[in-house]
Amino acid sequence: MDSLKINKVQLRNLQIEDYEQLAQSFTRVYTDGSDVFWTHKQIEKLIKIFPEGQIVTVVDEKIVGCALSIIVNYDDVKNDHTYAQVTGKESFNTHNPKGNILYGIEVFIHPQYRGLRLARRMYEYRKELCETLNLKAIMFGGRIPNYHKYADQIRPKEYIDKVKQKEIFDPVLTFQLSNDFHVRKVMRNYLPNDEESKHYACLLQWDNIYYQEPTQDYVTPKTTVRVGLVQWQMRSYKTLDDLFEQVEFFVDAVSDYKSDFVLFPEYFNAPLMAKFNNEGESQAIRGLAAYTEEIKERFIKLAISYNINIITGSMPLIKEDGLLYNVGFLCRRDGSYEMYEKLHVTPDEIKSWGLSGGKALQTFDTDCAKIGVLICYDVEFPELSRIMADQGMQILFVPFLTDTQNAYSRVKVCAHARAIENECFVVIAGSVGNLPRVHNMDIQYAQSGVFTPCDFAFPTDGKRAEATPNTEMILVSDVDLDLLNELHTYGSVRNLKDRRSDLYEVKMKK
C-alpha cells in the first residue's frame, strides 16, 4: 500500500460500459474451486430495474470496487431464506420497488485496494440511500469464512458471540459488526457451495432510525452537517510517524461519530521543530517546512480511509518563489485536495520566521457544504469572511494557535462576530500545552468551539458547543444549514440582506 499513489476516489452509479472492467476482477472463488461472476445480462438488468442501488468505487478512473443491491419486502427476508430465493436465482425478478428493505447482494473491492476503507464508504452510501428512499433497513446474508477453523469445536452461535467479543477475528462478520450491523439470525444453506462458512450465513441488519411509515406527508431530508474539532495537546514527537500516530487516532475517533469534517489547529506539527532547535528560529521553521508535502499526502490517505473531509490546520511551506508561507489543505474524502493560505501574518511571524502573507482567498465546495478557511489572525479582518459570505460560504473553519488568554480572546470574539455578521457557522480549533524545547512555541492556550448567529433558531448566546479550556479533547457538534436559509429570509435582523450596497462594498483587488 505504501507504493500505491492515489489522486482521487469517488463513488458513482454503475454503467453497463463498466462491465468489461468488472468481468476481469469481479469473481468469487470458493474452496471447492468453483467461481461465480456476473454476466453482462445480469448487470444490465440490475441497472435497468434499480440504477441508484448499483454503485462502483473509482480510483483514478479505474474501477476497483462494486456494490449491488435490490429492494424487497421485510416479510420475505425476516426469516430463513437462501441467496437463490432472495435474488430469484440471480434473475432479480424479486426486486420490488414498493418494498421496504434494501437488500445487499454483493460487495467487492479489488485486493490491491483493500485496507483503505473503501468498502466502508460503499456501506455509508447504502445507508444514505436507505434513508433517502425511506426504507426500513438494510439486510443481507453475511458469510462467516473463518468458521471452518472452529466448526469442530463450537456451534455457529458461539462463534458469532466470540467474534462480537473480539476473541475471534472473521474478515466478513467483524467488518459488518463494526459498520453497525447486527446479527438477526443464523441461516443454513444460504450459499450451498460456501464450504468455508460450512454453509452457514448470518442474516445481518442495519436499522434506519429515520424510517417513517408510508404517508402522504412530505418527508424533509436531513440538512445537518457534523463537524469534529481536535483540541491538540502539544507534546514531543521525534518522528513524523510518531506525530501521525496521534493524528490518525483523532481522525479515527472523530470519524467514528460519522463526522463530515475534522479540523486540526494551526502549526499542530510544531513539535517536529525540536529537531532543529540548535539552529536559529528562521532555520528551524524552514526545517519544519520540509515535512509539509509528506504531511499533505498522509492527510489525503486518511481522508480517503476514514471517509471524512479533513481541514489540516496549517504548516509552513516554501513556494517556488523561495518565500515562506503559512498554508493548510482541505483534503476531501474523495481524494481531491485544495490549499488555503494565511493572508495576514502576525508581527512575530515576520520577526522570528520571516513569513510572507499569501494572496489567495476562496471558498471551497464539498459534498455537504460550501466552506471557507481563515488561519488564526485572518479571522480578525472582517473583510475576508465578508467576501467569502458573498460567495455562499455556510461554514467558516478557523485553525488557530494562541499563547495567552488575551490572544485567544481576540480570535474567539472575532470568530463569533464573523458568525453573526455573515450569518454562517464558525468552527475554531487550537492547541494546548507547551513545548519547552521549541523556540517561539513555549506555551499555548485554547478553547475550541462552534459559534452561530444570534437569533431565535440558535443558542441564545451564539455558542453551539465549546471545549473544556486547555484540555486535550475532541468536540463533535451538528450544525443545521437549513437554519441559515431561514435566517437569511426571516431573521429578526438580516445582516447580509440589509447591507447598504448603495453606499459601500467589499471586494478583492485583482
Side-chain angles (χ1 to χ4, degrees), residues 131-132 210 217-229 257-263 309 311 330 340 361-374 378-400 409-429 447-467 475-508:
E131 293 171 358
T132 300
Y210 299 104
D217 297 332
Y218 174 71
V219 179
T220 305
K222 293 193 305 171
T223 60
T224 56
V225 175
R226 182 161 294 175
V227 296
L229 297 68
Y257 291 101
K258 304 295 185 290
S259 295
D260 297 293
F261 293 95
V262 57
L263 171 65
N309 299 302
I311 294 108
L330 164 63
Y340 49 86
L361 179 71
Q362 66 179 111
T363 55
F364 304 103
D365 291 317
T366 70
D367 55 4
C368 48
K370 176 162 279 194
I371 71 166
V373 185
L374 292 178
D378 280 342
V379 78
E380 299 176 32
F381 297 84
E383 299 87 352
L384 301 182
S385 54
R386 178 52 53 87
I387 290 170
M388 291 192 288
D390 283 338
Q391 297 173 1
M393 176 184 66
Q394 298 165 297
I395 307 174
L396 173 62
F397 290 93
V398 182
F400 71 91
S409 294
R410 288 195 299 268
V411 172
K412 173 187 176 181
V413 173
C414 289
H416 201 173
R418 303 298 85 88
I420 294 171
E421 66 198 18
N422 295 303
E423 298 179 345
C424 67
F425 296 105
V426 180
V427 182
I428 69 172
Q447 184 179 17
S448 305
V450 179
F451 303 116
T452 74
C454 291
D455 213 313
F456 295 116
F458 303 93
T460 54
D461 59 359
K463 298 175 183 178
R464 181 67 179 83
E466 283 190 296
L475 182 67
V476 178
S477 179
D478 287 344
V479 295
D480 190 342
L481 302 183
D482 260 2
L483 296 181
L484 298 181
N485 297 330
E486 181 180 338
L487 178 69
H488 297 335
T489 306
Y490 303 110
S492 300
V493 294
R494 291 160 291 186
N495 296 80
L496 288 178
K497 188 175 182 180
D498 292 341
R499 285 176 296 169
R500 289 289 304 274
S501 57
D502 59 319
L503 295 179
Y504 62 87
E505 64 179 345
V506 178
K507 63 180 181 180
M508 290 287 287

J.: Assess whether side-chain contact (heavy atoms from CB on, under 4.5 Å) is satisfied between His488 and Arg494, documenting all intermediate values.
T.: CA-CA 6 Å; His488 297 335; Arg494 291 160 291 186; over 6 Å; no

J.: Within the structure provided, determine whether Val427 and Val398 are in side-chain contact (heavy-atom separation under 4.5 Å).
T.: no

J.: Below 4.5 Å, heavy atoms only, C-beta onward: do Thr452 and Pro459 meet side chain to side chain?
T.: yes

J.: With no hydrogens and no angle check, just 3.5 Å: does a side-chain donor-acceptor pair link Asp455 and Ser492?
T.: yes

J.: Taking the six-membered ring for Trp and the full ring for Phe, Tyr or His, determine whether the centres of Phe425 and Phe451 are under 6.0 Å apart.
T.: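 Not close enough - the centres of the two rings lie 6.0 Å or further apart.
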
J.: Nearest 0.5 Å, what's the CD1-CG distance between Ile371 and Asp365?
T.: 9.5 Å

J.: Is the closest side-chain heavy-atom distance between Cys368 and Phe261 below 4.5 Å?
T.: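 Counting from C-beta outward, Cys368 and Phe261 do come under 4.5 Å.
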
J.: If you count every heavy atom of other residues, nucleotides or ligands that lies below 6.0 Å from Phe456 atom CZ, does the total exceed 12?
T.: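 No, because the 6.0 Å sphere around CZ of Phe456 holds 12 heavy atoms or fewer from other groups.
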
J.: For Ala415 and Val426, which heavy atoms make the closest approach, and how far apart are they?
T.: O-CG2, 3.5 Å

J.: What pair of heavy atoms forms the shortest contact from Gln394 to Leu481, and how long is it?
T.: NE2-CD1, 3.7 Å

J.: Going by distance alone, is a donor N or O of one side chain under 3.5 Å from an acceptor N or O of the other, for Asp260 and Asn309?
T.: no

J.: Show your reasoning for whether side-chain contact (heavy atoms from CB on, under 4.5 Å) applies to Leu330 and Thr366.
T.: CA-CA 9 Å; Leu330 164 63; Thr366 70; 4.1 Å; yes

J.: Taking only Lys NZ, Arg NE, NH1 and NH2, and the carboxylate oxygens of Asp or Glu, determine whether Lys463 and Glu466 approach each other closer than 4.0 Å.
T.: yes

J.: Take Val227 and Leu263, measure what side-chain contact (heavy atoms from CB on, under 4.5 Å) needs, and give me the verdict at the end.
T.: CA-CA 8 Å; Val227 296; Leu263 171 65; over 6 Å; no

J.: Taking all non-hydrogen atoms of both residues into account, name the closest pair between Ser448 and Ala429 and its distance.
T.: OG-CA, 3.3 Å

J.: Apply the test side-chain contact (heavy atoms from CB on, under 4.5 Å) to residues Val479 and Arg226: give CA-CA distance (whole Å), side-chain angles for both, the deciding distance (0.1 Å), then the verdict.
T.: CA-CA 6 Å; Val479 295; Arg226 182 161 294 175; over 6 Å; no

J.: I want to check something: taking the side chain as every heavy atom from C-beta on, are Phe458 and Leu487 in contact at a cut-off of under 4.5 Å?
T.: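 Answer yes - side chains close enough.
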
J.: Should Tyr340 and Ile311 count as side-chain neighbours, where that means a heavy-atom distance under 4.5 Å?
T.: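 The answer is yes, as the side chains (C-beta and beyond) meet within the 4.5 Å cut-off.
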
J.: Could you report the tightest heavy-atom contact between Val373 and Met388, atom names first, then the distance?
T.: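 Smallest interatomic distance, heavy atoms only, reads N-SD, 4.3 Å.
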
J.: About how many Å separate CG of Leu396 and NZ of Lys370, when rounded to the nearest 0.5 Å?
T.: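 With rounding to 0.5 Å, NZ (Lys370) is 14.0 Å from CG (Leu396).
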
J.: If you take all heavy atoms of Ile420 and Asn495, which pair is closest and at what distance?
T.: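 Residues Ile420 and Asn495, closest heavy atoms: O-OD1, 3.5 Å.
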
J.: Side chain of Arg464, backbone of Ser477: donor and acceptor closer than 3.5 Å?
T.: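 Flag not set: sc Arg464 to bb Ser477 has no pair under 3.5 Å.
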
J.: Rounded to the nearest 0.5 Å, how far apart are OG of Ser259 and CG of Leu229?
T.: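 Taking OG in Ser259 and CG in Leu229, the distance rounds to 9.0 Å.
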
J.: For Asp390, is there an ion pair with Arg499 - N to carboxylate O distance below 4.0 angstrom?
T.: yes

J.: Output yes when a side-chain donor or acceptor of His416 lies under 3.5 Å from a complementary backbone atom of Gly462, and no otherwise.
T.: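 Side chain of His416 to backbone of Gly462, a donor-acceptor pair under 3.5 Å: yes, one is there.
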
J.: Just verifying a value: how many Å separate Lys258 NZ and Asp478 CG, rounded to the nearest 0.5 Å?
T.: 13.0 Å

J.: Atom CG of Asn422 and atom OG of Ser385: how far apart are they, to the nearest 0.5 Å?
T.: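 Reported to 0.5 Å precision, the distance equals 4.0 Å.
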
J.: Let me confirm one number: the CD-CD distance from Glu423 to Glu486, rounded to the nearest 0.5 Å.
T.: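 With rounding to 0.5 Å, CD (Glu423) is 11.5 Å from CD (Glu486).
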
J.: Check this for me: does any side-chain nitrogen of one of Arg500 and Glu505 sit under 4.0 Å from a carboxylate oxygen of the other?
T.: no

J.: Any donor-acceptor pair under 3.5 Å linking the side-chain atoms of Asp480 with those of Thr224?
T.: no

J.: A side-chain contact here means heavy atoms from C-beta on lying under 4.5 Å apart; do Phe397 and Ile395 qualify?
T.: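 When only atoms from C-beta onward are counted, Ile395 and Phe397 do touch, with a gap below 4.5 Å.
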
J.: Taking all atoms of both residues into account, what is the closest heavy-atom pair of Gln391 and Thr363, and its distance?
T.: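 Result for this residue pair: OE1-OG1, 3.1 Å.
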
